[in-house]
Amino acid sequence: MNDTASSFVANHVVGIPKSGIREFFAIAATMEDAISLGIGEPDFVTPWHIREAAIFALEKGKTSYTDNLGLRRLRNEIAAYVERNFNASYDPSCEILVGVGVSEVLDCALRAIINPGDKVMYHEPCFVSYAANIKLCHGVPVAVHTRAENGFEFDIEDVKRAWQPGCKAIIINFPTNPTGGIAESAQLKKLAEFVKEKNMLVISDEIYSELTYNGTHVSIASFPGMKERTIFLHGFSKAFAMTGFRIGFACSPKPLIEAMMKAHQYAIMCAPIISQEAAVEALVNGKPDMEKMRDQYMRRRDFIVGRFNEMGLECHLPKGTFYAFPCVKKYGLSSMEFAKMILDKAKVAVVPGSAFGESGEGFVRASFSTSYQNLVEAADRMESVLSKLK
Ligand SMILES: Cc1ncc(COP(=O)(O)O)c(C=O)c1O
């Protein structure tokens, strides 16, 4: 029966692996007492005033579809927010698309631009969706391997080396999941020059931008001549602790937003109105809560990275996100073996670096979006296991 069913699956889908993160955490979830440093989602509940806005929306009977692009009021607020924080200006009537998380607007962007066989670059290790999503859109993923020796810092020379004829776009993600890296303005400037020279488009996933602890976040969309060749992606999941609301947005010139709209309109219609109402509240009044959460993450980051290095688990300081990415090579295990071992012996769940692409091998991702207390306990447990392995 299964053979018959399998025969219907499209060739380009067969080879795409399921996300390594979910598979691994299905195992962890069955273990009592396990501390999860695994899932990339805030441990905070969405701030009350944002939840209240969703409740009010329901009370007022807001249960309809919205404009396909999203509520006009939300798009107005997004335009103001992006102008204020990213120094890039978009017309809310036709240059902003609200979707179901950055996940959906990323998919719309790729579906809008990829002709079968077009190549799309991305720097790796990276968010698990990029390569799979490119393949689902009949594109060819081209990884730019960043290097452990320099803390996985983004280097334009790596991009130049990886470039091939037929590369139409590059996805960038700063601060970076899973390494916590950021891009200095000088590197972005060089990238901007390179993409202009090669006539490429940039898809810039800036979902972690508010969670920048060192330096100032800069968007490539703000560089001269870059608006017309950038699709700027952002969302509410991380900074506003709103993963379950499923709201993200894309900003780009009209022709690209119109093309993305076709994918969005025929697949999704519109993002849920209740979530859109909550997102308005997040943008208008959410800054103090967001800053409080960011301060907590920073305190946890300093603690866990300090403890990792203390116990001999070499770890660079993530400048953004809520992920630490320590090196486990010295234990002579693959990152998957290490993650299984530490789950089994210390009951601490981390994600094998290999889940983020081959350049993540030798590392694990430990999310510090869990309580300080959990981090203290997780570090103690890991130390007691690792000290016996030395
Ligand atoms: C880099 C990156 N982009 C996009 C997403 C998806 O976020 P959303 O909840 O907005 O779909 C994630 C989620 O982990 C992420 O890490």
Side-chain angles (χ1 to χ4, degrees), residues 19-22 24-25 36-44 46 50 70 74 78 81 97-110 120 122-134 136 141 143-144 146 152 154 170-183 202-212 217 219-220 231-251 260 263-264 267-268 271-272 275-276 278-279 282-283 290 297 318-325 351 353 355-357 360 365-370:
S19 161
I21 301 185
R22 296 279 157 193
F24 192 74
F25 280 92
S36 177
L37 308 184
I39 300 286
E41 106 170 271
D43 58 312
F44 299 104
T46 309
I50 299 175
L74 176 56
I78 288 170
Y81 188 79
L97 168 68
V98 176
V100 182
V102 170
S103 304
E104 196 235 333
V105 284
L106 169 69
D107 183 55
C108 290
L110 294 171
V120 178
Y122 57 95
H123 54 102
E124 193 200 84
C126 66
F127 179 43
V128 292
S129 289
Y130 297 153
N133 220 328
I134 294 164
L136 284 170
V144 177
T146 57
F152 296 104
F154 182 77
I170 180 166
I171 303 175
I172 57 172
N173 168 227
F174 301 114
T176 307
N177 172 11
T179 64
I182 60 167
V202 177
I203 299 176
S204 187
D205 176 350
E206 304 188 30
I207 192 165
Y208 293 99
S209 58
E210 289 86 354
L211 306 180
T212 300
H217 177 81
S219 176
I220 198 163
I231 300 177
F232 169 93
L233 306 181
H234 199 20
F236 296 80
S237 290
K238 313 293 177 176
F240 296 100
M242 290 174 68
T243 47
F245 283 84
R246 310 305 305 123
I247 290 282
F249 58 88
C251 303
M260 289 172 67
H264 173 72
I268 303 290
S275 300
Q276 293 192 54
L283 292 182
M290 183 268 285
Y297 292 134
K319 293 178 179 158
T321 72
F322 38 56
Y323 308 114
F325 204 55
V351 184
F356 307 99
R365 191 189 77 177
S367 167
F368 43 90
S369 60
T370 187

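Values in this document were obtained by computation on a predicted structure and should not be read as measured data. In listed order, ligands and their atoms are each counted from 1.
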Side chains of Glu41 and Ser369 only: does a donor on one sit below 3.5 Å from an acceptor on the other? no
Considering only heavy atoms, does Ser237 approach ligand 1 within less than 4.0 Å through its side chain, its backbone, both, or neither? side chain
Examine the proximity of ligand 1 to Tyr208 and report which part, side chain or backbone, both or neither, has a heavy atom under 4.0 Å away. side chain
Contacting atoms of ligand 1, where contact means under 4.0 angstrom from a heavy atom of Asn173: 1 (C)
Please classify the Tyr130 to ligand 1 contact at 4.0 Å (heavy-atom distances, strictly less than): side chain, backbone, both or neither. side chain
Among Ile247, Val102, Thr243, the one residue meeting side-chain contact (heavy atoms from CB on, under 4.5 Å) with Ser237: Thr243
Please work out whether the ring planes of Phe127 and Tyr130 are parallel, tilted or perpendicular, with thresholds of 30° and 60°. perpendicular
List the closest protein heavy-atom neighbour of atom 7 (O) of ligand 1: residue, atom name, distance to the nearest 0.1 Å. Ile207 CD1, 3.3 Å
Among all protein heavy atoms, pick out the one at the shortest distance from atom 10 (O) of ligand 1; state its residue, atom name and that distance to 0.1 Å. Val102 N, 2.7 Å
Region of Arg246 engaging ligand 1 - heavy atom pairs below 4.0 Å: side chain
So do Lys319 and Thr212 actually touch side chain to side chain, heavy atoms under 4.5 Å? no
Aromatic rings Tyr81 and His234: how do their planes relate, parallel, tilted or perpendicular, breaks at 30° and 60°? parallel
Can you tell me how the ring of Phe322 sits relative to the ring of Tyr208, calling it parallel under 30°, perpendicular over 60° and tilted otherwise? perpendicular
Pull out every atom of ligand 1 sitting under 4.0 Å from any heavy atom of Lys238, numbered as shown with elements. 12 (C), 13 (C), 14 (O)
Looking only at heavy atoms of Asp205, does any of them come nearer than 4.0 Å to an atom of ligand 1? yes
Say whether Glu104 and ligand 1 are in contact under the criterion: heavy-atom distance to a ligand atom below 4.0 Å. no
Honestly, for Asn177 the part within reach of ligand 1 (heavy atoms, under 4.0 Å) is side chain
Tell me, please: is Gly235 in heavy-atom contact with ligand 1, that is, under 4.0 Å? no
Is the cationic atom of Arg365 (NZ for Lys, CZ for Arg) positioned less than 6.0 Å from the six-membered ring centroid of Tyr323 and within 45 degrees of its normal? yes
Leu97 and His264: side chain to side chain contact (heavy atoms under 4.5 Å, CB included), yes or no, with the steps? CA-CA 9 Å; Leu97 168 68; His264 173 72; 3.5 Å; yes
Do you see a donor-acceptor pair shorter than 3.5 Å between the side chains of Tyr122 and Asn173? no
heavy-atom search around atom 11 (O) of ligand 1 in the protein gives Ser103 OG, 2.5 Å
